[in-house]
Asks: 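Below you will find the structure I want to go over with you.
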Amino acid sequence: MTITITAIETHDVRFPTSRTLDGSDAVNVDPDYSAAYVILRTDQSGLEGHGLTFTNGRGNDVTCAAIKALGPRVKGRTLESITSDFERFWYSLAGDTQLRWLGPEKGVIHLATGALVNAVWDLYAKAESKPL
């Protein structure tokens, strides 16, 4: 069965942990732990992949924007074309020639790539009826 990714949805999810200083430390004095959440929709009814990456709050919207910017590299692809060479898939996102200057190593593109790769792994596990 061929599974094609038809849409990418992102959600900017934030938790106001700075109100009670949950998770704060000497470096992160006011974290609002947040997640850039991704849903990969497919042409198969009910089959979708979910992934996320965490941030400290401010800038989470930038990570969501980076996911959207990378979306055209994922949308329209078959799951098999991705899973047959995960390394190439990773580098097609992290090494995007127009976006890699945003920091493929520890930057916003790395976070966005991580969320998308997590969503692909989730989709792959579901398609194969295996636990993740």
Side-chain angles (χ1 to χ4, degrees):
M1 164 185 10
T2 301
I3 298 166
T4 302
I5 297 169
T6 58
I8 298 154
E9 189 177 310
T10 63
H11 297 276
D12 184 340
V13 182
R14 298 181 189 227
F15 306 92
T17 54
S18 62
R19 291 181 189 160
T20 55
L21 299 179
D22 291 334
S24 64
D25 56 31
V27 175
N28 300 297
V29 295
D30 61 350
D32 280 323
Y33 289 111
S34 304
Y37 194 85
V38 177
I39 302 171
L40 300 179
R41 306 277 184 203
T42 72
D43 61 349
Q44 304 297 315
S45 179
L47 183 61
E48 55 192 33
H50 297 252
L52 55 90
T53 190
F54 287 108
T55 71
N56 275 345
R58 280 189 307 275
N60 201 57
D61 53 331
V62 176
T63 304
C64 289
I67 291 167
K68 289 177 186 174
L70 290 172
R73 293 197 163 268
V74 181
K75 185 178 176 184
R77 293 198 55 183
T78 65
L79 182 59
E80 182 183 30
S81 74
I82 294 171
T83 59
S84 65
D85 192 344
F86 264 119
E87 181 181 15
R88 183 176 296 215
F89 175 65
W90 172 270
Y91 285 112
S92 76
L93 299 177
D96 181 297
T97 59
Q98 295 293 310
L99 298 172
R100 67 178 174 214
W101 63 274
L102 292 172
E105 312 262 336
K106 300 182 189 174
V108 67
I109 292 300
H110 198 208
L111 290 169
T113 297
L116 287 163
V117 168
N118 288 339
V120 168
W121 273 110
D122 182 59
L123 178 60
Y124 185 43
K126 289 174 180 171
E128 295 290 318
S129 298
K130 295 183 179 178
L132 179 63

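Just so you know, these numbers use all the heavy atoms, side chains as well, and skip hydrogens, waters and symmetry mates.
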Asks: Determine the minimum heavy-atom distance between Arg73 and Arg77, stating which atoms define it.
Replies: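 It is O-CD, 3.1 Å.
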
Asks: Which heavy atom of Gln44 sits nearest to which heavy atom of Met1, and what is that distance?
Replies: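 Residues Gln44 and Met1, closest heavy atoms: OE1-SD, 3.3 Å.
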
Asks: Please determine whether side-chain contact (heavy atoms from CB on, under 4.5 Å) holds for the pair Tyr33 and Thr55, giving the CA-CA distance in whole Å, both sets of side-chain angles, and the decisive distance to 0.1 Å.
Replies: CA-CA 6 Å; Tyr33 289 111; Thr55 71; over 6 Å; no

Asks: Determine yes or no for a side-chain-to-main-chain donor-acceptor pair under 3.5 angstrom, with Lys68 supplying the side chain and Thr10 the backbone.
Replies: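 Absent.
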
Asks: When the ring centroid of His110 is compared with that of Trp90, is the distance short of 6.0 Å?
Replies: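 Ring-ring flag for His110/Trp90: true, centres closer than 6.0 Å.
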
Asks: So, for Val38 and Ala115, which heavy atoms are closest and what is the spacing to 0.1 Å?
Replies: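 Minimum heavy-atom separation between Val38 and Ala115: CG2-CB, 3.7 Å.
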
Asks: So do Val108 and Leu99 actually touch side chain to side chain, heavy atoms under 4.5 Å?
Replies: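 No, their side chains stay 4.5 Å or more apart.
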
Asks: Where the side chain of Thr17 meets the backbone of Pro31, is there a donor-acceptor pair that is under 3.5 Å apart?
Replies: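 Yes, the answer is positive, given that a donor and an acceptor are paired below the 3.5 Å cut-off.
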
Asks: Quick one: pull up OG1 in Thr113 and OH in Tyr91 and give me the separation to the nearest 0.5 Å.
Replies: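 It comes to 11.0 Å.
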
Asks: Can you check side chain to side chain donor-acceptor pair (under 3.5 Å) on Thr20 and Asp22, steps first, answer last?
Replies: CA-CA 5 Å; Thr20 55; Asp22 291 334; 2.9 Å; yes

Asks: For the CG atom of Leu93 and the CZ atom of Arg100, what is their distance to the nearest 0.5 Å?
Replies: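 The CZ atom of Arg100 is 13.5 Å from CG of Leu93, to the nearest 0.5 Å.
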
Asks: Does the side chain of Ile8 reach to within under 4.5 Å of the side chain of Ile67, using non-hydrogen atoms?
Replies: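 Ile8 vs Ile67: side chains touch.
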
Asks: Just how far is it from atom CD1 of Ile3 to atom OG1 of Thr42, taken to the nearest 0.5 Å?
Replies: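 One gets 6.5 Å once the value is rounded to the nearest 0.5 Å.
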
Asks: Around Glu128, counting heavy atoms of other residues, nucleotides and ligands shown, do more than 12 lie under 6.0 Å from its CD?
Replies: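 Enclosed: over 12 neighbouring heavy atoms sit under 6.0 Å from CD of Glu128.
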
Asks: Which pair of non-hydrogen atoms, one from Ala112 and one from Leu70, has the smallest distance, and what is that distance?
Replies: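 Here Ala112 and Leu70 meet closest at CB-CD1, 3.9 Å.
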
Asks: For residues Ile82 and Leu132: do they belong to one hydrophobic cluster (side chain heavy atoms under 4.5 Å, members Ile, Leu, Val, Met, Phe, Trp, Tyr)?
Replies: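 Yes, one cluster joins them.
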
Asks: I'd like to know if the side chain of Asn118 reaches the main chain of Leu52, judged simply by a donor and an acceptor atom lying under 3.5 Å from each other, with no hydrogens or angles considered.
Replies: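 Side chain of Asn118 to backbone of Leu52, a donor-acceptor pair under 3.5 Å: yes, one is there.
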
Asks: Can you tell if the side chain of Leu79 reaches within under 4.5 Å of the side chain of Tyr124, non-hydrogen atoms only?
Replies: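 They are in side-chain contact.
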
Asks: Any chain of hydrophobic side-chain contacts (each under 4.5 Å) joining Phe54 to Ile109?
Replies: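 No.
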
Asks: Between CZ of Arg41 and NZ of Lys75, what distance do you get to the nearest 0.5 Å?
Replies: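 One finds 12.5 Å between CZ of Arg41 and NZ of Lys75.
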
Asks: Mind checking the NZ-CD spacing from Lys126 to Glu48? Nearest 0.5 Å is all I need.
Replies: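 Answer rounded to 0.5 Å: 6.0 Å.
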
Asks: Look at the side-chain heavy atoms of Ile, Leu, Val, Met, Phe, Trp and Tyr, link any pair under 4.5 Å apart, and say whether Val74 and Trp121 land in one connected group.
Replies: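 Yes, it is one cluster - the side chains of Val74 and Trp121 are joined through contacts under 4.5 Å.
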
Asks: Do Leu21 and Val29 make a side-chain contact, defined as non-hydrogen atoms from C-beta onward lying under 4.5 Å apart?
Replies: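 With C-beta onward as the side chain, the pair stays apart.
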
Asks: For Arg14 versus Asn60, what's the shortest heavy-atom pair and its separation?
Replies: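 Answer, listing the atom of Arg14 first, then Asn60: NH2-CB, 3.7 Å.
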
Asks: Would you say Arg88's side chain and Ser92's backbone share a donor-acceptor pair under 3.5 angstrom?
Replies: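 No.
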
Asks: In the structure I gave you, are the side-chain heavy atoms of Phe15 and Asp32 within less than 4.5 Å of one another anywhere?
Replies: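 Counting from C-beta outward, Phe15 and Asp32 never come under 4.5 Å.
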
Asks: Does the side chain of Asp12 come within less than 4.5 Å of Cys64's, by heavy atoms?
Replies: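 The answer is yes, as the side chains (C-beta and beyond) meet within the 4.5 Å cut-off.
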
Asks: Is any side-chain heavy atom of Tyr37 closer than 4.5 Å to a side-chain heavy atom of Thr53?
Replies: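 They are not in side-chain contact.
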
Asks: Please report the closest heavy-atom contact between Thr78 and Thr4, naming both atoms and the distance.
Replies: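 Looking at all heavy atoms of both residues, the shortest contact is CG2-OG1, 3.9 Å.
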
Asks: Are Asp30 and Arg19 within salt-bridge range, i.e. N to O under 4.0 Å?
Replies: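 Not counted as a salt bridge, because no side-chain N and carboxylate O are separated by less than 4.0 Å.
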
Asks: Within a strict 4.5 Å, meaning less than it, do heavy atoms of the Leu116 and Leu40 side chains meet?
Replies: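 Yes, their side chains come closer than 4.5 Å.
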
Asks: Between atom CG of Leu111 and atom CG of Leu102, what is the distance when rounded to the nearest 0.5 Å?
Replies: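 The CG atom of Leu102 is 11.5 Å from CG of Leu111, to the nearest 0.5 Å.
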
Asks: For Asp43 and Thr6, which I'm curious about, is there any donor-acceptor pair between the side chains at under 3.5 Å?
Replies: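 No, because no side-chain N or O of Asp43 sits under 3.5 Å from a partner of the opposite role on Thr6.
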
